[in-house]
Amino acid sequence: MCLLGAVCFETSAQELFTHNTTLLVDSDRRPQVSLDGEWHFIIDPYGSALYSWDGHVRDDSYAQNAKPRNDGFPVEYDFSKSPLLKVPGDWNTQKASLFRYEGPLWYQRDFQYGKKPGMRVFIHVGAANYRAVVWMNGHRVCRHEGGFTPFDCEVTDSIKDGANFVVIAVDSTRLADGVPSLQTDWYNYGGLTRDVSLIELPQMFVDNYGLHLDRGTDSEISGFVHVVGAPAGSAVQVSIPEVNATTTAYTGQNGTAVIHLRIQGLELWGPGHPKLYRVRIAALNDELTDEVGFRTVEVKGAQILLNGKPVFLRGISMHAEAPYRTGRVCTDKDVQTLFGWVRDLHANFVRLAHYPHDPRMTRMADRLGVLVWSETPDWQHIEFSNPHTLKQAQQELTEMIRRDRNRASVIMWSVANETPDSLARTSFLDQLVQQAHSEDPTRLVTAALFMPPLIGGKRIVDDSLGAALDVIGVNEYIGWYQGRPQDADTAKWVMKLQKPIVVSEFGGGAKAGYRGSSSTRWTEESQANIYRHQLGMLAHMPQLQGVSPWILMDFRSPSRNLPGVQDGFNRKGLISDQGKKKLAFYVLQHAYASGMLDHGKP
Ligand code: GCB
């Protein structure tokens with residue numbers, strides 16, 4: 001794709017932008033050298049430093065970090081005199097001049113490094129929205145597309161003992177064939193929005209592993225460990241010291257060792273008992289540790305079973321919008337604040353919409369015993385007939401699963417949100433569902449579907465994607481986008497498939513502090529009224545196994561421009577962006593605390 005010759009990309013329809021990346025599982029638990037902090041930046045609004053006229057990424061400009069001199073060709077930039085941005089962090093909320101900036105921006109920093117003989121070194125980027133190209137000391141080491149998933153690039157040959165510099169160009173241009181596509185109802189925060197670090201590994205190392213409790217048991221743990229470069233027959237040891245359990249398995253031809261452990265008396269992970277075990281994995285000269293919870297999740301008829309027992313998901317949807325300061329969530333404090341509110345609500349479930357969130361979120365959910373729906377950015381109208389878009393979506397799905405496959409809190413992968421039912425859409429998403437099932441057979445696969453139309457007085461949930469899903473997510477806005485709040489009282493729902501239903505969105509907007517009648521739009525009372533009618537309906541909805549209303553906190557969205565009310569924010573939050581709880585928060589809190597939806601399930 002090429003916009004006005006300025007922003008062109010070297011990918012053909014067949015080729016993905018992502019190159020030379022790997023993805024290290026458990027990277028946040030490995031010893032690392034942090035590159036967080038202040039980086040110099042230069043904006044490149046016409047993309048002329050990043051892309052050549054034919055659309056290829058250039059290596060000859062800012063990537064070289066040249067210094068102005070008095071001889072030769074003039075150097076017309078100087079990182080050392082350029083302003084600073086904090087990493088992690090989106091650029092939009094750090095500098096007023098960058099607030100609306102979408103396009104390429106160059107980051108640079110110097111650092112000292114002590115090279116260790118025999119070790120391989122990777123640069124880990126937690127997320128760069130939306131495309132990134134990484135150079136170490138002027139050598140291009142990798143490129144990545146996808147704004148919400150991590151990547152690692154090997155820099156062993158380009159990093160030096162002593163002084164180094166790293167340059168990362170991040171391009172936040174929205175792309176028609178991207179995932180997500182051109183339009184979203186959230187702010188396109190650009191930049192190095194998550195942690196950046198260097199990770200040192202031996203020549204052969206564990207890049208991926210998965211351990212889970214087998215369904216139908218409370219003692220059988222299965223999984224795999226993959227060791228890059230390991231000759232067949234290499235020993236892999238997995239141990240859980242707290243219960244004196246150790247097993248040794250051996251890699252096959254492809255570097256994968258199959259793991260099985262039996263542990264009597266294992267304490268199962270779940271809400272109310274978020275037990276995590278320290279797990280140690282050792283293979284050849286590599287060793288890593290993680291904290292892992294063991295639980296099963298499955299579907300039986302229209303029920304969701306957690307550790308074999310029905311569970312009701314008292315949830316809330318969330319964007320990765322930072323409380324109080326806006327921008328992307330990227331600190332422990334952001335995560336603590338958000339989860340503090342989740343606990344206040346008496347929720348046991350969060351829908352992390354509409355893209356994978358910072359890994360701190362799923363770590364925190366693991367520690368607190370909060371169940372998680374994790375989603376890819378296949379939002380509404382992406383290019384379902386475009387094979388390139390499918391490949392990109394598949395890549396982002398793989399990266400999401402791989403990063404969080406050992407987080408007990410994550411019980412569901414969502415492959416999409418509100419996609420129009422068509423042959424092309426269903427074929428596209430069916431492939432993602434199949435992929436999710438094959439890459440992770442231990443979890444449920446879902447998608448948030450559009451509200452069904454009213455036919456003969458009934459809402460018939462019959463989306464053609466439903467057949468492939470384990471759990472059917474339904475977004476509905478009775479009382480906000482559709483009809484009046486009280487229409488919920490008489491709504492009749494018909495579920496075509498005998499599968500669990502989660503109402504993955506409902507709600508309405510309110511400006512915190514705007515008080516008045518419940519029939520006046522945008523008052524806190526009107527939002528609370530929508531919630532009351534909704535909850536009455538949901539208490540009787542057939543097959544309902546959970547809800548995640550829209551949404552915990554107000555968030556920035558460029559298309560929400562009602563002066564004095566929205567001012568650039570989607571106001572459907574139960575809490576304002578400044579942390580003020582609205583009346584509807586308490587309505588939902590009461591419903592969750594009283595168990596009105598659960599019908600006796602935990
Ligand atoms: C939806 C979308 C969500 C929007 C929300 C809204 O159905 O899934 O991304 O933000 O509605 O507020 O309109």
Side-chain angles (χ1 to χ4, degrees), residues 129 147-148 174 178-189 315-321 326 328-329 350-357 373-382 384 412-421 425 429 446-453 459 461 463 465 469 471-483 485 488 501-512 521-522 524 526-527 530-531 534 538 546-562 565-577 582 584-585 588:
N129 188 34
F148 301 96
R174 285 167 291 117
V179 181
S181 185
L182 296 176
Q183 294 189 8
T184 60
D185 185 22
W186 69 82
Y187 208 88
N188 183 32
Y189 293 118
I316 189 70
S317 297
M318 295 160 92
H319 261 295
E321 181 93 2
T326 73
R328 279 276 163 263
V329 164
V350 289
R351 174 181 175 210
L352 300 183
H354 282 305
Y355 38 74
H357 287 211
W373 157 317
S374 180
E375 187 161 301
T376 53
D378 299 78
W379 192 87
Q380 293 194 354
H381 296 272
I382 59 168
F384 293 111
M412 271 187 252
W413 304 120
S414 165
V415 295
N417 176 74
E418 290 188 347
T419 50
D421 195 347
R425 184 293 308 250
L429 292 183
T446 190
L449 305 173
F450 269 124
M451 159 130 157
R459 305 249 168 220
V461 177
D463 189 294
L465 185 64
L469 301 175
V471 173
I472 297 177
V474 179
N475 291 357
E476 55 89 7
Y477 281 93
I478 297 176
W480 184 256
Y481 292 126
Q482 289 113 358
I501 302 284
V502 169
V503 170
S504 32
E505 287 181 29
F506 71 84
K511 165 97 173 160
R521 232 180 236 266
W522 304 111
E524 289 194 30
S526 68
Q527 187 190 36
I530 291 172
Y531 270 73
Q534 282 284 332
L538 294 166
V547 295
S548 55
W550 195 254
I551 186 168
L552 183 66
M553 194 189 80
D554 293 352
F555 59 97
R556 276 197 199 280
S557 174
S559 52
R560 307 291 181 173
N561 291 314
L562 199 57
V565 176
Q566 293 178 308
D567 300 314
F569 284 81
N570 184 315
R571 295 284 182 210
K572 295 190 190 72
L574 295 174
I575 303 176
S576 79
D577 54 292
K582 307 178 195 172
F585 179 94
L588 188 65

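Counting convention: from 1, in listed order, for ligands and their atoms alike. Along the sequence shown, residues carry numbers from 1. The structure presented is a predicted model; accordingly, all values stated were derived computationally and were not measured.
- What sits closest to atom 7 (O) of ligand 1 on the protein, heavy atoms only, is Glu418 OE2, 2.3 Å.
- Using 4.0 Å as the threshold, Phe555 has a heavy atom nearer than that to some atom of ligand 1.
- Side chain of Gln380 to backbone of Glu418: no donor-acceptor contact under 3.5 angstrom is found.
- Closest approach of His381 and Pro420 over heavy atoms only: CE1-CG, 3.6 Å.
- In terms of protein heavy-atom proximity, atom 13 (O) of ligand 1 is closest to Tyr481 OH, 2.4 Å.
- Below 4.0 Å from some heavy atom of Trp379 lie the following atoms of ligand 1, by number and element: 9 (O).
- Each of the following atoms of ligand 1 lies closer than 4.0 Å to a heavy atom of Asn570: 6 (C), 10 (O), 12 (O).
- Comparing Glu476, His354, Arg560 against atom 3 (C) of ligand 1, the shortest heavy-atom distance belongs to His354.
- Neither the backbone nor the side chain of Thr184 comes within contact range of ligand 1; no heavy atom lies under 4.0 Å.
- The side chain of Tyr477, and not its backbone, has at least one atom closer than 4.0 Å to an atom of ligand 1 (non-hydrogen atoms only; side chain from C-beta on).
- For Ser576 and Asp554, the side-chain atoms include no donor-acceptor pair closer than 3.5 Å.
- Ser557 contributes no side-chain N or O that, together with a main-chain N or O of Phe569, makes up a donor-acceptor pair within less than 3.5 Å.
- The ring of Tyr355 has its center closer than 6.0 angstrom to the ring center of His319.
- Looking at Ser504 and Arg351, their side chains never bring a donor and an acceptor atom within 3.5 Å of each other.
- Judged by distance alone, the side chain of Gln534 and the main-chain N or O of Ile478 form a donor-acceptor pair under 3.5 Å.
- Closest to atom 12 (O) of ligand 1 among all protein heavy atoms lies Lys572 NZ, 2.5 Å.
- For ligand 1, the atoms closer than 4.0 angstrom to any heavy atom of Asn417 are 2 (C), 8 (O).
- Between Glu476 and Tyr481, every side-chain heavy-atom pair lies at or beyond the 4.5 Å cut-off.
- Neither the backbone nor the side chain of Phe450 has any atom closer than 4.0 Å to an atom of ligand 1 (non-hydrogen atoms only).
- Within the structure, ligand 1 lacks Met451 among the residues with a heavy atom less than 4.0 angstrom away.
- Among protein heavy atoms, atom 1 (C) of ligand 1 sits closest to Glu505 OE1, 2.8 Å.
- Put simply, the residue from Phe585, Phe506, Trp550 that forms a ring pair (Phe, Tyr, Trp, His ring centres under 6.0 Å) with Tyr531 is Phe506.
- Contact atoms of ligand 1 toward Asn475: 8 (O) (distance under 4.0 Å to a heavy atom of the residue).
- The minimum heavy-atom distance linking Arg571 with Trp522 is given by the pair CB-CZ3, 4.2 Å.
- At the top of the distance list for atom 10 (O) of ligand 1, counting protein heavy atoms only, stands Asp185 OD2, 2.5 Å.
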